[in-house]
Amino acid sequence: MAPTLQEALLAWYTQHQRRLPWREAADPYRVLLAEVLLQQTRVAQAIPYYQRFLERFPTLEALAQASLEEVLEVWQGCGYYARARHLHQLARQVVARGQPLPHTASGLQALPGVGPYTAAAVASIAFGQAIAAVDGNVRRVLARLQAWEHPRPKQVQAQAQALLDALKGQVHPGIWNQALMELGATVCTPRKPNCPGCPLVTFCRGQGQPERYPAARPRPQRSLEVVALVLQGPLGFHLEPRQGRWLGGLWGVPLEEEPGGLARLLARFGLQKAELLGTLRHDLTHRRLWVRVYRAWGEGRENPAERPLSRLDRKILALATAPAAGAARPPWPPS
DNA sequence: AAGCCGGGGGT
DNA sequence: ACCCCAGGCTT
């Protein structure tokens with residue numbers, strides 16, 4: 001008898017699943033950490049952060065006792081720092097309550113930083129709840145299976161849940177969810193998917209032109225000019241904690257938008273002039289930053305190695321630390 | 001529903 | 001240069 005779609009995928013997953021650190025243990029805290037780290041982040045990038053994070057904060061209790069700055073110290077460079085802030089809040093909430101992590105998706109989703117995907121992933125993988133976890137991979141796999149150019153979120157969620165329900169408890173829901181995601185990550189990739197190597201090829205209505213499903217969404221990218229001031233003294237640099245959503249909680253050098261950015265920075269610190277160290281480009285989500293980096297001598301007592309900094313600030317400080325590093329005249333202007 | 005949030009790697 | 005990644009929060 002021909003295998004069902006579910007049988008075909010599970011057989012494939014048994015053979016081809018990657019060995020990933022968070023698949024070694026069933027500790028709910030570790031599953032949660034992995035899922036948060038994997039939000040908008042590739043597996044390969046998340047792995048070293050996962051290891052370092054667990055070394056430093058082995059349990060939810062250890063995380064709750066840490067300061068936010070300690071948490072960001074480990075998270076720096078990984079991006080989307082709200083994830084770290086929320087995970088820290090989550091740990092403090094749950095520990096303060098004196099309860100273990102909620103065992104259901106709805107309970108989990110009430111926690112900070114846990115949305116529909118993460119809640120379903122943790123509930124299914126760590127607690128065995130039969131709920132479909134729909135991420136970008138699953139969305140793409142199902143869009144191709146059904147030849148949906150514009151899959152609607154409810155449509156995808158319902159389809160994913162139907163596939164899981166058809167298993168009728170014969171398979172651990174977490175295994176099924178991971179199998180679907182694994183297929184999307186390694187075979188049913190966004191571009192140049194490996195259709196001949198796909199266990200679901202006989203079930204797929206989109207294999208003829210897989211890259212048509214789902215249709216890509218146009219993404220505008222805005223260009224922004226800013227000025228950074230590296231204020232350097234004999235004892236160190238002037239760094240300040242950033243507020244708000246943008247790199248919030250991390251430290252950085254004073255930054256101002258053009259036009260008039262340099263004048264505002266000079267006025268703020270009572271300076272007459274500053275030396276142009278160079279320019280650099282930095283890309284954020286949907287934004288391209290063109291940064292003019294100036295240096296002036298004055299008060300500064302911070303050691304950048306002891307503060308959590310974003311990549312942007314590390315690049316800026318590198319211009320002051322490594323003179324003539326070749327980045328003195330990078331591409332400009334914003335075109 | 002749309003806008004916002006980092007950084008990186010594959011193509 | 002472009003795409004998008006085991007998304008979630010705010011408006």
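Owing to the predicted nature of the structure, the values given are computational and were not obtained by experimental measurement. Throughout, protein chains are lettered first and strands after them, A, B, ... in sequence-line order, and every chain is numbered starting at 1.
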Nucleotide nearest D135(A) when distance is taken to its side chain, options dA6(C), dC5(C), dG7(B) | dA6(C)
If you look only at pairs with a residue in residues 159-191 of chain A, which of them pass as a ring-ring contact (aromatic ring centres under 6.0 Å, His included), with sequence neighbours excluded?
-> none
Thinking salt bridges, do E35(A) and R83(A) make one under a 4.0 Å N-O criterion?
-> no
Rounded to whole angstrom units, what separation is found between the CZ atom of R83(A) and the C1' atom of dG8(C)?
-> 11 Å
Closest contact, heavy atoms only, A185(A) versus N137(A) = N-OD1, 3.4 Å
d(CG, L142(A); P, dA6(C)) in whole Å | 15 Å
With sequence neighbours left out, write down each residue that passes salt bridge (Lys or Arg N to Asp or Glu O under 4.0 Å) with E275(A), or none if nothing qualifies.
-> R295(A)
Are the charged groups of D313(A) and K315(A) less than 4.0 angstrom apart, N to O?
-> no
Whole-Å distance, H88(A) NE2 to dG8(C) P, equals 21 Å
Taking atom C1' in both dC5(B) and dC5(C), what distance in whole Å separates the two?
-> 14 Å
Quick one, which residues of residues 174-188 of chain A touch DNA chain C with a heavy atom under 4.0 Å?
-> M181(A), E182(A)
Not counting sequence neighbours, list each pair that qualifies as a side chain to side chain donor-acceptor pair (under 3.5 Å) and has a residue in residues 194-205 of chain A.
-> none
Hey, is the main chain of T4(A) close enough, under 3.5 Å, to the side chain of E7(A) for a donor-acceptor pair?
-> yes
Would you tabulate the side-chain donor-acceptor contacts of residues 259-274 of chain A under 3.5 Å, counting partners in other chains and residues two or more places apart, or write 'none'?
unit_1: R264(A); atom_1: NE; unit_2: E256(A); atom_2: OE1; d: 2.9
unit_1: R264(A); atom_1: NH1; unit_2: P259(A); atom_2: O; d: 3.3
unit_1: R264(A); atom_1: NH1; unit_2: G260(A); atom_2: O; d: 3.4
unit_1: R264(A); atom_1: NH2; unit_2: E256(A); atom_2: OE1; d: 3.3
unit_1: R264(A); atom_1: NH2; unit_2: E257(A); atom_2: O; d: 2.6
unit_1: R268(A); atom_1: NH1; unit_2: E240(A); atom_2: OE2; d: 3.4
unit_1: R268(A); atom_1: NH2; unit_2: E240(A); atom_2: OE1; d: 2.6
unit_1: R268(A); atom_1: NH2; unit_2: E240(A); atom_2: OE2; d: 3.4

Nearest whole angstrom, please: distance from the P of dG8(C) to the CG of L108(A).
-> 11 Å
What residues, two or more places apart in sequence or in another chain, satisfy side-chain contact (heavy atoms from CB on, under 4.5 Å) together with A82(A)?
-> R85(A), H86(A)
Cationic tip of R307(A) within the cone over W251(A)'s six-membered ring, i.e. under 6.0 Å and within 45° of the normal?
-> yes
Path from F57(A) to L250(A) over hydrophobic side-chain contacts below 4.5 Å = yes
Distance in angstrom units between Y117(A) OH and dG8(C) P, rounded | 8 Å
In whole angstroms, how far is the C1' atom of dG8(C) from the CG atom of L87(A)?
-> 13 Å
When the P atoms of dA6(C) and dT11(B) are considered, how many whole Å apart are they?
-> 13 Å
Considering only heavy atoms, which members of residues 190-199 of chain A lie under 4.0 Å from some atom of DNA chain B?
-> R191(A), K192(A)
So which of V171(A), D165(A), L163(A) actually passes side chain to side chain contact (heavy atoms under 4.5 Å, CB included) with L167(A)?
-> V171(A)
List in numerical order all residues of residues 36-55 of chain A for which some heavy atom is under 4.0 Å away from an atom belonging to DNA chain B.
-> Q40(A), T41(A), R42(A), Q45(A)
Is the closest side-chain heavy-atom distance between L319(A) and V230(A) below 4.5 Å?
-> no
Tested for side chain to side chain contact (heavy atoms under 4.5 Å, CB included) against L90(A), the lone hit among V36(A), V95(A), L63(A), L101(A) is L101(A)
L309(A) backbone acceptor or donor facing Q76(A) side chain under 3.5 Å | yes
Is the backbone of G77(A) close enough, under 3.5 Å, to the side chain of Y81(A) for a donor and an acceptor to pair up by distance?
-> yes
Taking DNA chain B as the partner, which of residues 246-254 of chain A come within under 4.0 angstrom of it by heavy atom?
-> W246(A), L247(A)
Using a cut-off of strictly less than 4.0 Å, decide whether Y80(A) has a side-chain nitrogen or oxygen near OP1 or OP2 of dC4(B).
-> no
Is the NZ or CZ atom of R52(A) positioned over Y49(A)'s six-membered ring, under 6.0 angstrom from the centre and within 45° of the axis?
-> yes
R85(A) atom CZ is separated from dG8(C) atom P, nearest whole Å, by 16 Å
Check: R140(A) side chain, Y213(A) main-chain N or O, donor-acceptor pair, under 3.5 Å | no
How would you label the contact of T118(A) with the nucleic acid (heavy atoms, under 4.0 Å): base, sugar-phosphate, or nothing?
-> sugar-phosphate
Where are the stems of DNA chain B, defined as at least 3 consecutive Watson-Crick or wobble G-U pairs with both distances under 3.5 Å?
-> B:1-5 with C:7-11, B:7-11 with C:1-5
Between the protein and nucleotides 9-11 of chain C, are there any N/O to N/O pairs under 3.5 Å, and if so, what are the atom names and distances?
unit_1: dC9(C); atom_1: OP1; unit_2: G113(A); atom_2: N; d: 2.8

Is M181(A) reachable from L32(A) through a run of hydrophobic residues whose side-chain heavy atoms are each under 4.5 Å from the next?
-> no
Expressed in angstrom and rounded to an integer, what is the separation of L72(A) atom CG from dC5(B) atom P?
-> 17 Å
Is the closest side-chain donor-acceptor distance between Q178(A) and R23(A) under 3.5 Å?
-> yes
Any Lys/Arg nitrogen of E258(A) or R292(A) sitting under 4.0 Å from an Asp/Glu carboxylate oxygen of the other?
-> yes
Using a heavy-atom distance cut-off of less than 4.0 Å, which residues of residues 4-24 of chain A contact DNA chain C?
-> R18(A), L20(A), W22(A), R23(A)
Which heavy atom in A123(A) sits nearest to a heavy atom in I131(A), and how many Å separate them?
-> CB-CG2, 4.3 Å
Side-chain N,O (H286(A)) to OP1/OP2 (dC5(B)) below 4.0 Å | no
With a non-hydrogen cut-off below 4.0 angstrom, is R314(A) in contact with a base, only sugar-phosphate, or nothing?
-> nothing
